[in-house]
Engineer: 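I'd like to ask you about the structure that follows.
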Amino acid sequence: MLGFIRQTVCNRGVSVSKSQLRFLVPGGRNYASGAKEMTVRDALNSALDEEMSADSKVFIMGEEVGEYQGAYKITKGLLDKYGPDRVIDTPITEAGFTGIAVGAAYHSLKPVVEFMTFNFSMQAIDHIINSAAKSNYMSAGQISVPIVFRGPNGAAAGVGAQHSQCYAAWFGACPGLKVLAPYSSEDARGLLKAAIRDPDPVVFLENELLYGESFPVSAEVLDSSFCLPIGKAKIEREGKDVTITTFSKMVGFALKAAEILEKEGISAEVINLRSIRPLDRATINSSVRKTNRLVTVEEGFPQHGVGAEICASVVEESFEYLDAPVERIAGADVCMPYAANLERLAVPQIEDIVRAAKRACYRSTSMAATG
Amino acid sequence: MALLRRSSHLIRPLTSPTLTASNLTSYLRHSFSSLDDTPITVETSMPFTSHNCEPPSRSVETSAKELMTFFIDMATMRRMEIAADSLYKAKLIRGFCHLYDGQEAVAIGMEAGITKKDCIITAYRDHCIYFCRGGTLLGTFAELMGRKNGCSNGKGGSMHFYKPESGFYGGHGIVGAQVPLGVGLAFAQKYNKEDHVSFALYGDGAANQGQLFEALNMAALWDLPAIFVCENNHYGMGTAEWRAAKSPSYYKRGDYVPGLKVDGMDALAVKQACIFAKEHSLKNGPLILEMDTYRYHGHSMSDPGSTYRTRDEISGVRQERDPIERVRKLILAHDIATEKELKDIEKEKRKEVDDAIAQAKESPVPDPSELYTNVYVKGYGVEACGADRKGVKAVLP
């Protein structure tokens with residue numbers, strides 16, 4: 001709970017002393033050797049800093065990324081370090097500035113566009129899909145678009161229907177795009193650096209509630225050359241009875257669900273997808289062939305969601321290995337309500353994941369309600 | 001009439017980016033002793049009208065060589081578009097085909113005023129812009145017919161021609177999207193500290209798009225070398241400008257951004273305007289050029305072009321304002337070539353176009369494996385499936 005409170009406090013711009021120390025020391029390099037911790041926010045900030053330092057063509061564009069230090073403080077300190085030519089505050093005109101950034105990428109710059117949340121990316125979605133994702137194909141390789149679109153995605157806390165949608169499934173459907181969803185600080189650093197270096201358009205789906213969470217980071221992760229491969233999932237927890245695939249904040253929930261399941265004798269394997277597109281079908285399928293059971297977990301709308309694609313993929317490639325129907329945990333099929341009790345019902349909770357895993361293992365005492 | 005001020009610094013010595021004297025004469029059966037760079041001064045058909053700026057002089061410096069280049073290239077483009085019409089009717093071109101005949105002066109005049117390091121981006125009426133930026137007839141026809149030797153390897157089609165090495169960034173199908181993209185090109189030019197500008201072309205239909213004004217605001221705010229060029233052919237598909245725009249004075253719609261209205265059927269006026277715009281933009285940020293032009297064809301090959309305008313109007317413009325005829329008259333008036341010589345050139349260009357079409361017809365269709373190429377620059381060995389997911393799969397390199 002303390003972690004949640006710290007996150008809420010950070011979002012309101014009030015600094016908490018321990019976190020504030022980390023802002024002063026990019027990457028936490030001042031700490032003595034031993035297990036270092038880093039918030040996702042600092043991980044993203046340090047990744048941006050290092051990539052901007054390494055390549056003068058990288059620049060950041062978005063609302064409040066400069067003087068405000070970033071709506072969620074992800075770009076804190078970068079304006080001072082790199083100047084207004086490389087950290088550009090835009091007017092509130094997503095369609096316009098996203099188009100401008102894509103045009104700059106056509107002319108071989110490397111823009112990092114921040115959407116204050118991905119809900120606002122809908123204003124610019126034509127440029128993301130039609131101007132960025134499709135250009136390399138339509139031009140037969142003459143126009144490449146080395147751009148990153150990043151920002152918080154999915155549900156936050158109490159922000160209501162228009163500010164809570166998850167865009168992983170929509171962007172994940174589009175050929176020509178790469179879609180990444182980090183969970184931990186290691187993910188955030190490695191995947192953002194990979195995204196900025198990648199010559200194709202990348203949609204980078206962060207999570208507001210994860211920004212303030214701390215994760216241990218090794219010396220390798222802190223190195224400026226650290227990069228994670230795009231298109232590879234990570235097995236966060238090995239198991240043998242049921243596979244749970246998920247991404248972003250739900251990875252944390254799935255890991256907690258796995259601990260609960262362990263006490264009941266069910267060994268769950270938790271896969272952190274990291275990459276929505278390309279999807280690591282090989283890792284998912286090889287896990288399901290081992291456990292024979294699958295629960296897909298996501299926060300977004302269920303219909304045509306990421307879990308639906310994973311289920312189809314497993315049915316196509318590993319049908320004979322399934323001992324139970326694929327279970328799917330997703331956001332409720334409704335707009336996000338404001339009231340806290342309703343909001344809690346609209347997104348997956350740990351107990352939902354536990355229940356679905358038990359069903360997949362034929363261990364639940366009551367069947368899901370039908371009709 | 002606005003009082004005109006002769007601004008001699010705007011009358012520049014010529015550069016002829018497309019043809020030199022040596023390869024020009026190779027086009028012609030006779031060599032012309034008068035094909036040199038000796039300046040000829042010509043008045044534009046009408047003075048420029050300006051908004052928030054001083055208009056350039058209507059006296060344009062040109063030369064025999066340049067006028068011949070204009071004639072040859074416009075004749076080629078005219079023939080190219082008419083041939084595309086026939087190919088479309090013969091079902092060799094599919095989908096959308098938006099033809100530029102009538103508007104040639106904008107493409108050729110712009111080219112005469114700028115360099116290949118300046119960028120151009122336009123919408124889907126892009127065949128002639130591609131051609132003027134150095135594109136080939138084979139590249140055009142093969143692309144239109146979906147063949148491997150097309151300028152986009154057959155994967156783009158009519159609306160997606162590109163030539164980035166010559167500063168042409170496409171070829172865009174979504175009305176208005178090319179405008180912020182063009183401002184992005186200018187952003188990159190400024191970021192890289194280049195002394196070049198970007199021209200974002202759009203029609204009178206796109207002129208009402210919100211994203212255009214968003215991009216205009218940022219271009220002005222950040223002093224970007226972006227030139228907004230409205231190719232006003234007076235019809236957005238089937239909707240006349242007065243039915244779509246409360247104010248069809250597109251050159252004034254920039255408000256705080258200066259604008260110039262140009263006779264888009266006069267290649268020399270277009271050239272003068274583009275020289276002026278480039279110089280202005282490098283110092284002062286964005287500018288709007290409204291090219292008053294006209295398309296003889298309908299919006300696309302699906303549109304006869306006569307349900308929303310009269311045939312008299314079309315033939316009237318052809319009679320009074322045709323851009324090729326204007327240059328022909330200039331050439332004859334200055335004794336640069338004879339009428340027969342010009343007709344011979346047109347015949348030769350017609351043959352060149354026909355030869356290119358024949359060559360394009362021989363060009364093979366793309367290999368089925370091309371379905372999976374260029375999805376990514378870097379595919380990480382990911383698998384891509386065809387329609388049958390259990391069928392052929394490809395690995396994206």
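Below, read A as the first sequence line, B as the second, and so on, with proteins coming before strands; counting in each chain starts at 1. Being a predicted model, the structure only gives us computed values, none of them experimental.
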Engineer: Given heavy-atom pairs under 4.5 angstrom as the criterion, report whether the side chain, backbone, both or neither of B:Lys390 touches chain A.
Structural biologist: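 Interface part for B:Lys390: side chain.
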Engineer: Which atoms of B:Ile174 come close to chain A, meaning under 4.5 Å heavy atom to heavy atom: side chain ones, backbone ones, both, or neither?
Structural biologist: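 Contact with chain A: side chain only.
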Engineer: Using non-hydrogen atoms and a 4.5 Å limit, figure out which bit of B:Val382 sits close to chain A: side chain, backbone, both or neither.
Structural biologist: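 For B:Val382, side-chain heavy atoms alone lie under 4.5 Å from chain A.
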Engineer: Using non-hydrogen atoms only, which part of B:Glu194 is less than 4.5 Å away from chain A: side chain, backbone, both, or neither?
Structural biologist: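 It is the side chain, since no backbone atom gets that close.
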Engineer: Need one label for B:Tyr191: side chain, backbone, both or neither, based on atoms under 4.5 Å from any heavy atom in chain A.
Structural biologist: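 It is the side chain, since no backbone atom gets that close.
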Engineer: Determine the option with the most heavy-atom pairs under 4.5 angstrom with chain B, choosing from A:Ser139, A:Ala124, A:Ala282.
Structural biologist: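 Between A:Ser139, A:Ala124, A:Ala282, the count favours A:Ser139.
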Engineer: Below 4.5 Å from any heavy atom of chain B, which atoms of A:Asn136 appear? Answer side chain, backbone, both or neither.
Structural biologist: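 Its backbone and side chain both get close to chain B.
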Engineer: Given heavy-atom pairs under 4.5 angstrom as the criterion, report whether the side chain, backbone, both or neither of B:Tyr380 touches chain A.
Structural biologist: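 Interface part for B:Tyr380: side chain.
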Engineer: Non-hydrogen atoms of chain A under 4.5 Å away: do they reach the side chain of B:Cys119, the backbone, both or neither?
Structural biologist: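 Side chain of B:Cys119 only, per the 4.5 Å heavy-atom cut-off to chain A.
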Engineer: Does any non-hydrogen side-chain atom of B:Lys378 lie less than 4.5 Å from one of A:Arg197?
Structural biologist: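 No, every pair of side-chain atoms sits at 4.5 Å or beyond.
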Engineer: Of all of B:Val179, B:Thr373, B:Asn217, B:Leu185, which one pairs up most often with chain A through heavy atoms under 4.5 Å apart?
Structural biologist: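 Heavy-atom pair counts peak at B:Leu185.
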Engineer: Between atom CZ of B:Phe168 and atom CD of A:Gln142, what is the distance when rounded to the nearest 0.5 Å?
Structural biologist: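 Here the interatomic distance stands at 10.5 Å.
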Engineer: If you look at every heavy atom in B:Leu221 and A:Pro91, which pair is closest and at what distance?
Structural biologist: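 The pair with the smallest heavy-atom distance is CD2-CG, 4.1 Å.
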Engineer: Is it true that atom OH of A:Tyr321 has more than 12 heavy atoms of other residues, nucleotides or ligands lying nearer than 6.0 Å?
Structural biologist: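 12 or below, so no.
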Engineer: Classify the ring geometry between B:Phe187 and A:Phe59 as parallel (under 30°), tilted (30 to 60°) or perpendicular (over 60°).
Structural biologist: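 Because their plane-to-plane angle lies in the 30° to 60° range, the rings of B:Phe187 and A:Phe59 count as tilted.
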Engineer: Does any backbone or side-chain atom of A:Lys178 lie under 4.5 Å from a heavy atom of chain B? Answer side chain, backbone, both or neither.
Structural biologist: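 Both the backbone and the side chain of A:Lys178 come within 4.5 Å of chain B.
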Engineer: Provide the closest heavy-atom pair for B:Glu214 versus A:Glu94 in the form atom of the first, atom of the second, distance.
Structural biologist: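 For B:Glu214 and A:Glu94, the tightest heavy-atom pair comes out as OE1-N, 3.9 Å.
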Engineer: Does any heavy atom of chain B fall under 4.5 Å from the side chain of A:Gln123, the backbone, both, or neither of them?
Structural biologist: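 No part of it gets close to chain B.
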Engineer: For the candidates A:Asp85, A:Asp198, A:Val145, A:Val102, which exhibits the highest count of non-hydrogen atom pairs separated by less than 4.5 Å from chain B?
Structural biologist: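 Maximum pair count with chain B is reached by A:Asp198.
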Engineer: Can you tell me how far OG of A:Ser313 sits from CZ of B:Arg389, rounded to the nearest 0.5 angstrom?
Structural biologist: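 Separation between the atoms: 7.0 Å.
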Engineer: Is the shortest heavy-atom distance from the side chain of A:Leu109 to the side chain of B:Asn192 under 4.5 Å?
Structural biologist: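 Of all side-chain heavy-atom pairs linking B:Asn192 with A:Leu109, at least one is under 4.5 Å.
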Engineer: Under 4.5 Å heavy-atom distance to chain A, tell me which part of B:His172 shows up: side chain, backbone, both or neither.
Structural biologist: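 When you check distances to chain A, only side chain atoms of B:His172 fall under 4.5 Å.
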Engineer: Given side chains that start at C-beta, do those of A:Met138 and B:Ser152 come closer than 4.5 Å, heavy atoms only?
Structural biologist: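 No; the side chains remain at least 4.5 Å from each other.
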Engineer: Could you tell me whether B:Leu371 atom CG has more than 12 heavy atoms of other residues or ligands within 6.0 Å of it?
Structural biologist: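 Counting neighbours around CG of B:Leu371, more than 12 heavy atoms of other residues, nucleotides or ligands fall under 6.0 Å, so yes.
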Engineer: For A:Lys134, which atoms come within 4.5 Å of any heavy atom of chain B: side chain, backbone, both, or neither?
Structural biologist: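 It is neither, since no heavy atom gets under 4.5 Å.
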Engineer: Looking only at heavy atoms, which two atoms of A:Ile88 and B:Trp222 are closest? And how far apart?
Structural biologist: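 Smallest heavy-atom distance, with atoms named: CG2-CZ2, 3.5 Å.
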Engineer: Flag the one option from A:Ile143, A:Thr90, A:Asp280, A:Leu279 with the top tally of heavy-atom pairs under 4.5 Å to chain B.
Structural biologist: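 Top option by heavy-atom pairs under 4.5 Å: A:Ile143.
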Engineer: Which pair of non-hydrogen atoms, one from B:Ala177 and one from A:His127, has the smallest distance, and what is that distance?
Structural biologist: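 Here B:Ala177 and A:His127 meet closest at O-CE1, 3.2 Å.
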Engineer: Please classify the contact of B:Leu216 with chain A as side chain, backbone, both or neither, using a heavy-atom distance under 4.5 Å.
Structural biologist: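 Neither part, no heavy atoms under 4.5 Å.
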Engineer: Tell me, for A:Leu177 versus chain B, whether the close heavy atoms (under 4.5 Å) come from the side chain, the backbone, both or neither.
Structural biologist: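 Only the backbone of A:Leu177 comes within 4.5 Å of chain B.
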Engineer: Check each atom of B:Glu143 against the heavy atoms of chain A and say whether the ones under 4.5 Å are side chain, backbone, both or neither.
Structural biologist: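 No part of it gets close to chain A.
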